[in-house]
Structures are given as structure tokens and as C-alpha cells.
Amino acid sequence: MTGPSSKVSGSQTSGAYATMSLVSFRDVSIDFGQRSILRHFSLDVEVGETLVLLGRSGSGKTTALKTVNAMLFPTTGMVLVEGRATTAWDHIQLRRRIGYVIHDSGLFPHYTVAQNVAVVPRLKQWPAADIEARVANLLQKVGMPVEEFGARYPDELSYGQRQRVGVARALAADPPLLLFDEPFGSLDPVTRLELQRQFIELRQELRKTSIFVTHDVREALFLGTRIAVLLKGSIEFVGPRREFLQASTPEARAFLSCLEPLEYDTEQSLA
Amino acid sequence: MTGPSSKVSGSQTSGAYATMSLVSFRDVSIDFGQRSILRHFSLDVEVGETLVLLGRSGSGKTTALKTVNAMLFPTTGMVLVEGRATTAWDHIQLRRRIGYVIHDSGLFPHYTVAQNVAVVPRLKQWPAADIEARVANLLQKVGMPVEEFGARYPDELSYGQRQRVGVARALAADPPLLLFDEPFGSLDPVTRLELQRQFIELRQELRKTSIFVTHDVREALFLGTRIAVLLKGSIEFVGPRREFLQASTPEARAFLSCLEPLEYDTEQSLA
Amino acid sequence: MIPNSLLHELVTLTMQHFFLVGVSMLLAASVAIPLGIILSWRSGWRDVALEVVNVVQTVPSLALFGFLIPVPVLGGIGSHTAIIALVLYALLPMLHNTVTGILNVDVAVRDSATALGMTTGERMWQVELPLAAPTILAGVRIATVTTIGTATIAAAIGAGGLGVFIFRGLATVDSVLLLAGAIPAALMAIAADRGLEWVERALSRY
Amino acid sequence: MIPNSLLHELVTLTMQHFFLVGVSMLLAASVAIPLGIILSWRSGWRDVALEVVNVVQTVPSLALFGFLIPVPVLGGIGSHTAIIALVLYALLPMLHNTVTGILNVDVAVRDSATALGMTTGERMWQVELPLAAPTILAGVRIATVTTIGTATIAAAIGAGGLGVFIFRGLATVDSVLLLAGAIPAALMAIAADRGLEWVERALSRY
Amino acid sequence: SDEARPITVGSKNFLEQILLGEIAAQHLERRLGQRVERKLNLGGTLLVHKALVNGDIDLYPEYSGTSATAILNLVPSHDADDVLAQVRREYETRFHLRWFDPLGFNNTFGMVIRKADAERLGMRSLQDAERHPSGWVLGVGYEFQQRPDGLPSLLRAYALPLQGTPKVMDLGLLYRALAQGDVSMIAANSTDGQLLSPDVILLEDNRNRFPQYDAAFIARNQTIAREPRLATALQDLSGRFSDDTMRRLNHQVLVQHGRIEEVAGEFLRTSGLLKGPSSP
Ligand SMILES: Nc1ncnc2c1ncn2[C@@H]1O[C@H](COP(=O)(O)OP(=O)(O)OP(=O)(O)O)[C@@H](O)[C@H]1O
Ligand SMILES: Nc1ncnc2c1ncn2[C@@H]1O[C@H](COP(=O)(O)OP(=O)(O)OP(=O)(O)O)[C@@H](O)[C@H]1O
Ligand SMILES: [Mg+2]
Ligand SMILES: [Mg+2]
């Protein structure tokens, strides 16, 4: 859009095809007014991998995800998806190739659970029978059988139930790229573990690519093929999970330290 | 309200004063239309303790919290706070004695961060200087210094930042009883650990009583003096955390199993 | 008590009135709602359009008629001229409430529609309009009830309607005639408002 | 071109018009907004009140005046009678939009106000009204602009205002007079709408 | 324009006009033996005139003074014949409209007060009214206030003591305001039916200051060319009225609540224009 991005675009196509990254952030910076939210953020995501973003609250994880599906555009630098800059994509086409699970589900309050899940297939004009089957299948997978929950409205669900509907909705049209923003954040650990296992199976079956924001380091290690740690809008560490376990940068170590046993084992009992 | 509850109310006062529970659920059932959300739910919460509610999504945790501050009333049975039925309390007085942190923060979109935190002190007509000091102090505690964040509106915050403001708001007027509904759900583990430590300090200092919903079993063990496990609206297990570690009921065991190491240690590396 | 011929005229005039209001509302809604939608995207045009509509609202009906009568196709004595005036007067509440309703839709819900890959049109039809429906319909209801009142001016231009009774009642200081015009208009207003409330309920779950 | 005496009268009539509209809007808002708030709690009263207001809207102004003139204190010839009529006609959009605006406030935000221990009044003032403000103010703006137009009927009852020019212009087929009445009314409508838009911006951050 | 279209009679939106329109309609139906369309009670001078010029209506009753000042923007003379000649000429050349011979009554302004006041103060004429001790509270319509030969001319001719500025209001509300005591003198019309009421009196215009408002029908030349019998039929109505006739007709509807159609039919019968009930 501005000078730097158009300068880079010369090398864009060749560079992109050379590495065949599905998503690549090229020196992305984003400012909201005075505030600098992302600073010289560069990262490539390869087909089939699950890149986990870790980072403190406010470090810019959600912002980074939003640049991928053209909800936000870099102030400088550029984001390429399938080798093409998000500014050059038809935004609608781009977004329909990307499933996006938003923190707080973002369900449509005036649609039932089933209608919410059916949104993208309906936009893509799938045959009604296919949509119905797909909705039933997905709701089953997230543990919310369509018979029981399909006809309810979002405000008749518990918080975790809403999140699961949000996950089902993002998966509905089978997009090749998935953006997950704390998708399992409000799920109880039992349900969560089930969904995590399903996620891994799915990935192996369909070779889906995903960028996954989580606050749970165990989840990051379980699901991520690579892990990036954000600190105030910059990448402090990025590497495969084995390397992450041995990372020496301070922020990465701070996150790893959260894996250590808590004091409850040692603290004197109050009860 | 209906037959059963008024029958129980005869024994209410004596019973409540005998045990001196701060909150006690007496055979509480709640139905929404056909659906039964809480079933014969009975539980006492003593002064100074932190009762953690664990349970799958949709098991009725939020519903149980809402009966305490008179946002919902039992269909049958009753909830006593300080020995008095919630139906007999002045609802406004009751709610101002209870801090409530809601999942998705429930911040007022038209108030700044500082104004959001100041709501209850302002309702209680504290002197302006006291309010200002209190707001600054609390925002500092949750890691969002008033100088940087005080003047922002909720839609200019990250999700985790909003949740922290929600926590600060609930603590603002120093209520003796606190209801926490996944207060740390969207916080990164580093910030989360800080807040958990602060929570324990605060409790020991001020002998606050709290009911705490969480999906993180480690958090439950770290913060809870007692742990209750809900299953489809009924209490399956309740006991001090040491007993919980040895619990034999299936739902409690399911939650405990989430503490076990995940397969990532053993699974073959993809990277 | 009421003579038979009056009753017969009453039925005719009530039907004329209903027709005038019905056609005007359909036309006004089909102009104002799409226009309001477009204006909700373009803050520049918005101010201009709302000001034009404001000005139109203040033009006195008799002056407007005087201006319209000599206009070749649209004007003249009769119901088409009355309908043009009624449509013009109904634009303001419909347009205003459409714009307000759409601008007030929750940003999070709108964003989530965008993120799912909805086009502007899809988002409008499937998300913004249904969620703005209560406010838009409030505008339609205000406009309809107001128009049932102002449609009496149609009589001033020979377009019939209950205004015939009312103006005749005023000219002859005859309160039976006045009431014969006013009561059916009031009942029509109540019925129309009820009807639109029902439409609102049917359209949205809220 | 315009004679001096006309200019002088223009100023007087414009001020009268402004006064009529201003007083009527203040009265109407101070009735309709609180009433709308109360009605947003009570769905039973709501239907009845909105129907009464609907019916009032359809009563022709001259008939209303004929009815009001003999009423002891309120009635008679003059601006108080005109103001009563203008207030009655302005109730509908204000009341309707107040009710709609408040009922549309996000349930989660309302619940969170309740959970913090706000009384009904505190929640109303601090949460519901500010969030409903855009819709309520849309109603006030509709009512004000419409009233600037309908206030011309004040001339029919000797209350002055720009309607004097307009009716005189109509009676004597004098388009200079018609415009001398219509243009200031149109300008007043634009100014009032702009002013209220400014109030809306000042009141809420949205 | 359209050959098949029936002849359409228009009128303004006050009783006298509606009555005259109905009378003309019934008379024409009878004389021409065809259906006549009624567009009575239209908005006012402006609208009716434009509708006539535009061909939406074919005829309507008008007053010479109104046409002269409101439509033609002339300063009317005080001589009735001059005014008539003037409007006739102008209408013919400017609008191709034919001004028929006057119906025979002059609906000019008339200053009206309450009978009780008149008796208390012993007043019968405008000259008497000049000596009101505390001044009159005057109520007037828009036209009277605006026309140079209306209120300004009145005040030049008579030194009427006034209390405050005149209250301008809708004609229909004048008598109510007078009865109610909101005003003490009104500028009404000399043929108003209310004048037959025992509660009010019309003050005599001793100095003859009021303008000429001789009523007559105006019709489109085009229509007359299409239906020449229209001219003779309308001519029948000329001179059939007097101020008193018109006042009585107004009174029959306004005070005695007669139906306009019946009052009009009754007038046609009694004036010899129509013998016996109408037959096809
Ligand atoms: N308004 C409502 N109408 C009908 N059913 C409802 C309504 N609100 C909640 N429920 C149902 O009540 C049950 C309990 O909901 P609740 O919110 O208490 O669950 P929870 O334990 O807090 O779950 P989570 O961990 O997902 O927040 C759920 O099955 C939910 O679908
Ligand atoms: N509309 C906005 N205007 C100004 N600043 C904003 C806006 N939205 C977000 N920010 C700021 O940008 C920074 C990054 O926000 P972002 O939502 O990307 O964080 P995050 O890493 O997703 O945090 P969390 O884990 O809490 O969701 C935060 O400091 C936030 O306060
Ligand atoms: Mg985020
Ligand atoms: Mg919950």
C-alpha cells in the first residue's frame, strides 16, 4: 500500500514460490495511532504445519492473525497468502479459504446453532442436504449433538458451548488454512482434551495448515509443530517444539516455567 | 417462592446460624422450560474459604454462581447468603456485597477502563480521591497501569486486558464475597501466575470468601481450599483438595487425569 | 343513527385511505430502506441526503401540491399527486431509523461476518438488516401511523380518503362527519401498528 | 427586493416559530423519554400507551383545535393551545424510539450492570440511556424536524409562527410569502438537526 | 383533453364553495343529462385555480376580488363592474377561461361582534364601534390581514380602537373564538350562515370600504367548445342569488345540519331552475 510494500512486491512472487510458504509475514509493522502493535514481524508458515503463537496478553497475537485474513493491513511490510499479498487478493475469496475461530465465538445472535454452523457452506451454495449432513457431523464432533442443540440460540448456551459452536462454524466449509484464536480457552479440560486429539487426527488426515493462538503451554507443545513467542509485537523466539523446550530467550523461558509444578503440592493445607 | 421453598424457610434461620456458612445452597433445582439445569444442588461455603467449581461445559457452574447474587432464583430449594435467603435480601444490597467477575468481562463499552473499574465505588459514593487512588492501585495490581490504559475504551484492549479490567472492577469496592467465573480464562500463563499468587496473598490478608469457577485443574488445586465437581447440574464430588487428589468418582477422576503428561513427550516429532 | 348512504361512503373512503397509505408506504419503504443502507456506508452522502429529507419534511403540503399540479405526468389532481407527497413526508423517519439501526449493530458481530468471508451484500442481508430490524421497523411504524394521519390531506387534491369526511366536517362544523373520518383513521392506525408489530415478531426472534 | 416590513415580520415570526418548536420539543421530550423508559419495563402498559399515541397522531389538527378551544385553562386561542397540539404530535417518534432503543441494549451489558449491584435507576442512567442514546436521539431529531414543519398549523389558532406567511401566501396565492415562510422553516430544520447531531456526538463516544 | 371524461366541477374548501359546486353539479346533470364529476372541497384558491388551468377540473365558483388580487395581482377598483370587466378580460387572454355573469351576491368581509356587546354598548355600525371604551380584540383570517383592501383599508376608514395586535387564525375557528371570548370582533364573511344566529351581529359598513367579492362561475373555454350547452346552463345560475339567499343556504347546512346535496336540490327547486324531483 505504501512505499516499502510496493518495493518488496517485485521479489514477492519468485520468493513466495521458492519457499512455497502458505502464509508469510514480511517485515510487518502495524500502528494504531501512536501505538506500535506489531514491529517488524517476519515469519513463514509452511503447508501442513501448526504454528502456535504464544505471548502475553496484549503482545499482538490477535492482531497478527487478523492481518492474514485481510481484516487488518500492515502499516508497512506485507503479508502473503499462497504467495500473493493480502492487498492483492479478493478479500472475500481469501476469507472463504480461511477458517477463523474468534476468542468470544462471535456467533450471530439471531441464528440458531445449526444456522450459525451452516453460514459459510450456505454462502458457498452447497446443496441443502450436504449442508445438513455437514452441520450434524461437525456438531457431533464438538460434542453438541444437533438434535439437542441445533435449534437453540447462542444466548441459550453456556460459554463453552458457544465456543464449540464457533469451532464448528470455522471448520464447516473445510478451509485449507485455519486461524485459531484461543479456540479451547473456555472449555473444561475433559472436553478440551477430546477436541485437541481430534485436531491432531484431522491435521494428519487432511494436512490442514493452521496458526494457533493459545495461552496453555501444554496445549502449545501438544498441538504445535512450531512455536513462536511474541514479545510486545516482535518475535522473540521461533522454532520447532523440541527447540522450544530448550529455548534460552527470557520470554520463552518464562512460558516454559509455567509447566513446572505449582506450590500446591508443597503449600500447607488450609482445609 | 413455590411450595417447597417456603416449607424449608421455617428451619432456615436456625440452620444457617448453626453452621454460619457464608453461602449455602439448600436443595437447589433450576429448570429453564423443559431443561433441568441444576438438580438438588446442596453445598455450604464457609467464611474464608475458596470453593472451586469444576465441571464440563454446560454442567451448570455459571448458573450456580448466578443464584448467589440473585441474578437467578431457584425453581425449588433456596440459596442463603449470610443466613438469609436471596429472595429475602434487598437485591441491590446483596449484589454490592458480592464481587462478580463474568467470563467475557461484561465491561461497559461506553466507559473508559478507569470508569469501568470505578463503577461500584462511585455507586457507593466514595470520595473522588479515594476512588481515584483505588482505581490506580487495582489497575497496577492487574498489570495495566492507569497511565497507559486508564483512558482507553474496552474495544481498544486485547481480550486478556479486558478480562483483567473485569477482575479489577469486581474487586474495586472490596466486597467480602467474590464470585469468579473463569476470571483468568484468557490470560497468558505468565500473567495468570502473577494474578493467582496475588489472589492467594489477598485471601490470606483479608480472609475473603470466594466461589471460583475454573477449567484449569492445576489452578483449582493451587487456589481452592475445597473443590466441587459438577456433573449435569448435580454435585458428584465435594471435598478439600487433598481428598480431591484421591477422589474415586468417575468425573473427578476424569478431571484429575488431565493433570497427566500429554503425549507430546512421546509422540514422534513432525518438525 | 348513522344514515345508510354515509355508511356506504365511509366504506369507500376508508378503502381509498387504506390504498393511499398502503401504496405510499410500500413506495417510501422501497426507497428509504435501500437508501438508508447505502447511506450507512457513506458518511459523506449521509449528511446531504438527510438534510434534503429534512427540508422536504418542512414543505407545507398545500404548497407542495400547488407546485405538483402543473407537473406533466406526475402531477395534477388525484391520488398519484397525493401519493408523491405522502411518500416524501414518510422518508424522514424511515431513512433516519434505517441509518441509525445499521450503524448500531454490534461491531463484534459485524466483524465476525466479515471474517467468515461474507460480501458486503451478504453481511447486509444476513446480519446487519436482521439485527437492525427492530429500529428500522420502528421507523416504518412511525411513518405509517403518521401517514394515516397526514393522508387526510389527500382530500385537498381530490384524491379521496377519510380526509373527505374530515374536511367536510370542518367546513360544515359537523362533528358527526369529523368523527366519521377520524375514528376509522384511528382504528386503521392501531391496526397497522399491530400488523407491523406482528411482522417484526415474525421477522426476528427478538 | 423583499420589503422592509416583511423582513421585520419575518424576524418576529421566525422567532415565534422557534419558540413554539423549542417549547414543544422540551415538553415532548420530558414526557416521552421518561415514559418510554417506564414502558420499556412494562410490556403490558407499552401496547396501550403506544396505541393512545398512535390515535393522537391521526387526529386532524383543526379538529383538535376545535376540541381544545373551549377547554378552560389549557385551551383558547393562542400559543399554549398550539403547543399542546405540537407536543401531542411529537410524542409518537420520541416514545417509539426510546422504547426501541432501550429494549435493544445488549443483554450481556445490562446483566453485568445488574450484577454490579446497580439499582434499576442507576442502570438506566449509567448504562441503558447512554447506550440507547443514538436511537433515542434519532427519535428526537425526527420529531423536531417534523414539528418544524407542522408548527405552521400554529397560525391556524392565532399562535403566529412561520405558518402565518404560509397560510397568507396560500390564501392570496403569493409565492414570495410562501417562500418567506418555507425557507426559514427549512433552514431551521437543518440547523436543528445539525445541532442535535452535535448533542448526540457530545453525549456519547460512538 | 380526454373526450369521454365527464364535466368536472371543483370548489374550494369552505362551505359556501361546496354548496355552489353542488348546486352547479346538480343543475348541469339535469340540463345536460349526463353525469357530472364533483371535486369539491379542494385545498384553496391556489390549488383550485391551478387545477382549472391544468384541466383537472372544468369549472368552479370564484369571487371577483379574489381573482383580481390573488391571481392577477391587480389593485382592484371599488366599482363592482370595473372589477368584473377587468378579471373577465385578463382571464380570457391569460388563461383561456370564461368568467360568467355574477351569481348575484357579494361575499365580502364583514366585521362581526357578539350581540350582547352590541346591545350593552349600543352599537350597530362600524362607525359606532369607533367608540369602544377599552378597544377591540380583533380576530382575522389570513387573507383579510394580507390584502391591502382588507385590514389596512378598514383601519384607514374607521378609527377602531384595538387592544393588542389582531389575532390571525383559520376562518373556521373565528366564530368559536368569538363565542369563547378569546376575541371580541372578527373579520368574517358577509354571507356566513352563522350571521343568522341570534348571538352575533354584523356591523354595518357605513363608509363602504370593503372590496367587491361578487361570486361567479369560471369555466374552461376548451370545455365549453366541447360541450356548448354548458355555457347556457351556467348562465341560468347568474343573478339567482342574493346575499341573504347565500347566508340562508349556509345556515341550513351549518346550523340546521341539512345535507349539502339536499340543500342544493331544494335551492334549485325553489328558485324555479328545477321543477319537481329530478328524473332521468
Ligand atoms: N437461557 C437459557 N435457556 C435455556 N438453556 C440455557 C440457558 N442458559 C443456559 N442454558 C443451558 O444451561 C446449561 C448450564 O449452563 P451454564 O452456563 O450454567 O454452564 P457452565 O457450567 O457455566 O458451562 P461453561 O463452562 O461452558 O460456561 C447449559 O446446558 C446451557 O445450554
Ligand atoms: N482498536 C484498538 N486501538 C488501540 N489499541 C488497540 C486496539 N485494539 C488492540 N489494541 C492494543 O493492541 C495490543 C495488541 O492487541 P492484541 O489483541 O493483538 O493482543 P493479544 O496478543 O491478542 O492479547 P490477548 O492474549 O489478551 O488476546 C494491545 O496492547 C491492545 O491494547
Ligand atoms: Mg487476542
Ligand atoms: Mg459458564
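We name chains A, B, ... by the order of the sequence lines, and we start the count at 1 in each one.
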Checklist entry - Under the 3.5 angstrom rule, does the side chain of B:H91 hit a backbone N or O of D:T119 as a donor-acceptor pair? => result no
Next on the checklist: Just checking B:E132: does its CD atom have more than 12 heavy atoms from other residues, nucleotides or ligands closer to it than 6.0 angstrom?
Outcome noted: no
Checklist entry - Is the count of non-hydrogen atoms from other residues, nucleotides or ligands lying under 6.0 Å from D:W125 atom CH2 greater than 12? => result no
Checklist entry - Relative to chain B, which segment of D:D111 carries a heavy atom at a distance below 4.5 Å: side chain, backbone, both, or neither? => result both
Checklist entry - Is B:R96 reaching over with its side chain to a backbone N or O of D:G117, donor-acceptor style, under 3.5 angstrom? => result yes
Next on the checklist: side-chain contact (heavy atoms from CB on, under 4.5 Å) for B:R95 and D:M118? Distances and angles first, verdict last.
Outcome noted: CA-CA 8 Å; B:R95 292 181 192 134; D:M118 286 191 176; over 6 Å; no
Checklist entry - Any Lys/Arg nitrogen of D:E122 or B:K124 sitting under 4.0 Å from an Asp/Glu carboxylate oxygen of the other? => result no
Item to check | Distance, nearest 0.5 Å, that separates CE of B:M71 from OG of D:S112 | outcome: 8.0 Å
Checklist entry - Given that the side chain runs from C-beta out, which part of B:L179 has a heavy atom under 4.5 Å from chain D: side chain, backbone, both or neither? => result neither
Checklist entry - Just wondering, do B:F108 and D:L116 contact through their side chains at under 4.5 Å, heavy atoms? => result yes
Checklist entry - Which atom pair, heavy atoms only, marks the closest approach of B:R122 to D:Q126? => result NH2-OE1, 3.2 Å
Item to check | Portion of B:I92 that has a non-hydrogen atom of chain D nearer than 4.5 angstrom | outcome: both
Checklist outcome for this item: Max heavy-atom pairs within cutoff under 4.5 Å with chain B, candidates D:A113, D:A108, D:A115, goes to D:A115
